[in-house]
Colleague: 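Below you will find the structure I want to go over with you.
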Amino acid sequence: MDIKLLLIVLIFLCLCNPIKEGLFIEDWQTVNFSSYEENIDMVQEHYEELMDNFMTIFPDRNRNAGGPQFYEYIYSHKDTLTKDKFMLYHQFYCGVSGSPIDPSRGKVYDYITIDHIDGSTYIGKYYRCCWPCLCDIHKYAKVEHYTLTLKDGPYEHMVITIEDPCSQEDKFPDSVSSFNCSNGITENGIRTESGRLIIAVLHEHELYEPTKHKTLIDPVLEQCENRLNTDPDDLRGGMGDIFVKLSIIKDL
């Protein structure tokens, strides 16, 4: 084959096949990944990339309440991720259940309100596997501002947190095995400055205003009314006594 033709073929092949660095695809640099619907094929490929590493995140395949492990794994690749990509990967799991969220399902989020550790309340998108998770996040978690340094610089985002359950490892539900505890701390999780454990991200957050956000949040609160008024020991559906008992483990 002519050397010039060979070079042209090699260049063409390189352009047509994205280069990968570890977990995360490095092509599509100009795509706005926050626009979920407009780039669904690219979003789907990134989802599949993350799921290809499921066994690395959960070696025994048990992802119950595994939100902290998903967050930590994505965090561990922060040096290669832009802000848009970092937030995109946090749309692919439910922080309550640890369940993967396939973007091909259609609508995969709802708006929820969560109290901040400073006493204020925020509203934002929560990516979930099922509706009971919305109620459990609203009642048993808090949000915090958290900053990390990504490929394109420092980035502050809103993280959803609980008290680190490894402080009471002996009280873990039998169905949870993804936490690596050492000296009362989750080693395969990220803690904020307050010491709380990050389980997920609140997307497109803003301060909650009851009048402004009434139509967004009222349907969720109405659906959650019974669950929010149910004792943790009596919860049924969703992750029920798994996530909730982890989040209140210091009080058990």
Side-chain angles (χ1 to χ4, degrees), residues 63-71 87 90-101 105-146 156-165 173 175-176 189-192 194-252:
R63 50 76 179 165
N64 287 343
Q69 286 71 55
F70 268 117
Y71 185 94
M87 293 300 284
H90 289 296
Q91 297 175 6
F92 297 151
Y93 66 92
C94 175
V96 170
S97 66
S99 174
I101 302 175
R105 284 173 38 183
K107 186 183 178 185
V108 290
Y109 67 83
D110 283 287
Y111 286 92
I112 57 169
T113 56
I114 313 181
D115 291 336
H116 195 283
I117 59 171
D118 67 7
S120 59
T121 301
Y122 281 81
I123 185 171
K125 289 180 179 178
Y126 176 68
Y127 287 79
R128 79 293 186 270
C129 53
C130 57
W131 73 263
C133 296
L134 305 171
C135 317
D136 298 338
I137 284 284
H138 173 83
K139 183 174 181 179
Y140 296 102
K142 292 186 182 296
V143 290
E144 304 177 43
H145 291 84
Y146 184 70
E156 182 183 75
H157 58 300
M158 188 71 76
V159 294
I160 302 171
T161 66
I162 60 173
E163 294 284 355
D164 192 337
S175 54
V176 175
I190 304 299
R191 290 154 53 108
T192 62
S194 72
R196 293 171 64 87
L197 184 68
I198 301 174
I199 67 166
V201 171
L202 186 66
H203 296 258
E204 300 180 30
H205 65 276
E206 59 181 279
L207 278 169
Y208 174 61
E209 298 178 26
T211 302
K212 176 182 177 181
H213 300 119
K214 180 178 177 63
T215 57
L216 283 178
I217 200 63
D218 278 4
V220 174
L221 294 180
E222 289 172 7
Q223 187 176 28
C224 286
E225 184 176 1
N226 288 337
R227 190 171 182 87
L228 293 175
N229 292 315
T230 299
D231 186 88
D233 289 331
D234 297 325
L235 287 174
R236 298 293 182 270
M239 288 299 288
D241 62 350
I242 301 177
F243 167 78
V244 171
K245 286 185 177 178
L246 277 180
S247 67
I248 61 172
I249 205 163
K250 285 188 173 182
D251 301 323
L252 296 178

Colleague: Can you tell me how far the SG atom of Cys94 sits from the CD1 atom of Ile137, to the nearest 0.5 Å?
Modeller: 7.0 Å

Colleague: Going by heavy atoms in the side chains, are Gln91 and Val108 under 4.5 Å from each other?
Modeller: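 When only atoms from C-beta onward are counted, Val108 and Gln91 do not touch, as no gap falls below 4.5 Å.
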
Colleague: Can you find a pair of side-chain heavy atoms, one from Val96 and one from Arg128, that are under 4.5 Å apart?
Modeller: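 They are not in contact (no side-chain heavy atoms under 4.5 Å apart), so the answer is no.
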
Colleague: Parallel, tilted or perpendicular: which fits the ring planes of Tyr93 and Phe70, with parallel below 30° and perpendicular above 60°?
Modeller: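 Correct class here is parallel.
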
Colleague: Just so I know, are the side chains of Thr161 and Ser194 near enough to count as touching, which here means a heavy-atom distance under 4.5 Å?
Modeller: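 No, side chains not in contact.
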
Colleague: Set out, in order, the CA-CA distance, both residues' side-chain angles and the distance that settles side chain to side chain contact (heavy atoms under 4.5 Å, CB included) for Arg191 and Arg196, then state yes or no.
Modeller: CA-CA 5 Å; Arg191 290 154 53 108; Arg196 293 171 64 87; over 6 Å; no

Colleague: What pair of heavy atoms forms the shortest contact from Asp218 to Lys214, and how long is it?
Modeller: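 That would be OD2-NZ, 2.7 Å.
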
Colleague: Do the non-hydrogen side-chain atoms of Thr192 and His145 ever get within less than 4.5 Å of each other?
Modeller: no

Colleague: Please round to the nearest 0.5 Å and tell me the distance separating atom CG of Leu246 and atom CG of Asp164.
Modeller: 10.0 Å

Colleague: Indicate yes or no: at least one non-hydrogen side-chain atom of Tyr111 is less than 4.5 angstrom from one of Val220.
Modeller: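 In short, these two side chains do not touch, never coming nearer than 4.5 Å.
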
Colleague: Which distance, rounded to the nearest 0.5 Å, do you find between the CD1 of Ile114 and the NZ of Lys139?
Modeller: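 Answer rounded to 0.5 Å: 15.0 Å.
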
Colleague: For the ring pair His90 and Tyr71, is the centre-to-centre distance below 6.0 Å?
Modeller: yes

Colleague: Do His116 and Met158 touch side chain to side chain, with heavy atoms closer than 4.5 Å?
Modeller: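 Counting from C-beta outward, His116 and Met158 do come under 4.5 Å.
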
Colleague: Would you find a donor on one side and an acceptor on the other, under 3.5 Å apart, between the side chain of Tyr140 and the backbone of Phe243?
Modeller: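 Judged by distance alone, no pair lies under 3.5 Å.
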
Colleague: What distance separates Ile217 CD1 from Ile123 CD1, expressed to the nearest 0.5 Å?
Modeller: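 Reported value, rounded in 0.5 Å steps: 4.5 Å.
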
Colleague: Name all residues meeting the ring pair (Phe, Tyr, Trp, His ring centres under 6.0 Å) criterion together with Tyr146; count only those two or more places apart in sequence or in a different chain, and write none if there are none.
Modeller: His157

Colleague: Taking the side chain as every heavy atom from C-beta outward, state whether Trp131 and Gln223 have any atom pair closer than 4.5 Å.
Modeller: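 Side-chain contact under 4.5 Å: yes.
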
Colleague: Looking only at heavy atoms, what is the nearest atom pair of Pro165 and Ile162, with distance?
Modeller: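 Smallest heavy-atom distance, with atoms named: CD-CD1, 4.2 Å.
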
Colleague: Of all heavy-atom pairs between Ala200 and Gly95, which one has the smallest distance, and what is that distance?
Modeller: CB-CA, 3.9 Å

Colleague: Taking Cys133's backbone N and O only, do any of them form a donor-acceptor pair with Arg227's side chain (distance below 3.5 Å, no angle check)?
Modeller: no

Colleague: When rounded to the nearest 0.5 angstrom, what is the spacing between SG in Cys224 and NE2 in His138?
Modeller: 7.5 Å

Colleague: Can you tell if the side chain of Glu206 reaches within under 4.5 Å of the side chain of His213, non-hydrogen atoms only?
Modeller: yes

Colleague: Would you please test Tyr122 and Leu207 for side chain to side chain contact (heavy atoms under 4.5 Å, CB included) and show each step?
Modeller: CA-CA 4 Å; Tyr122 281 81; Leu207 278 169; 3.5 Å; yes

Colleague: Would you compute the distance between atom CG of Leu235 and atom CG of Leu228 and round it to the nearest 0.5 angstrom?
Modeller: 9.5 Å

Colleague: Taking all non-hydrogen atoms of both residues into account, name the closest pair between Ala65 and Ile242 and its distance.
Modeller: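 Minimum heavy-atom contact is CB-CG2, 4.1 Å.
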
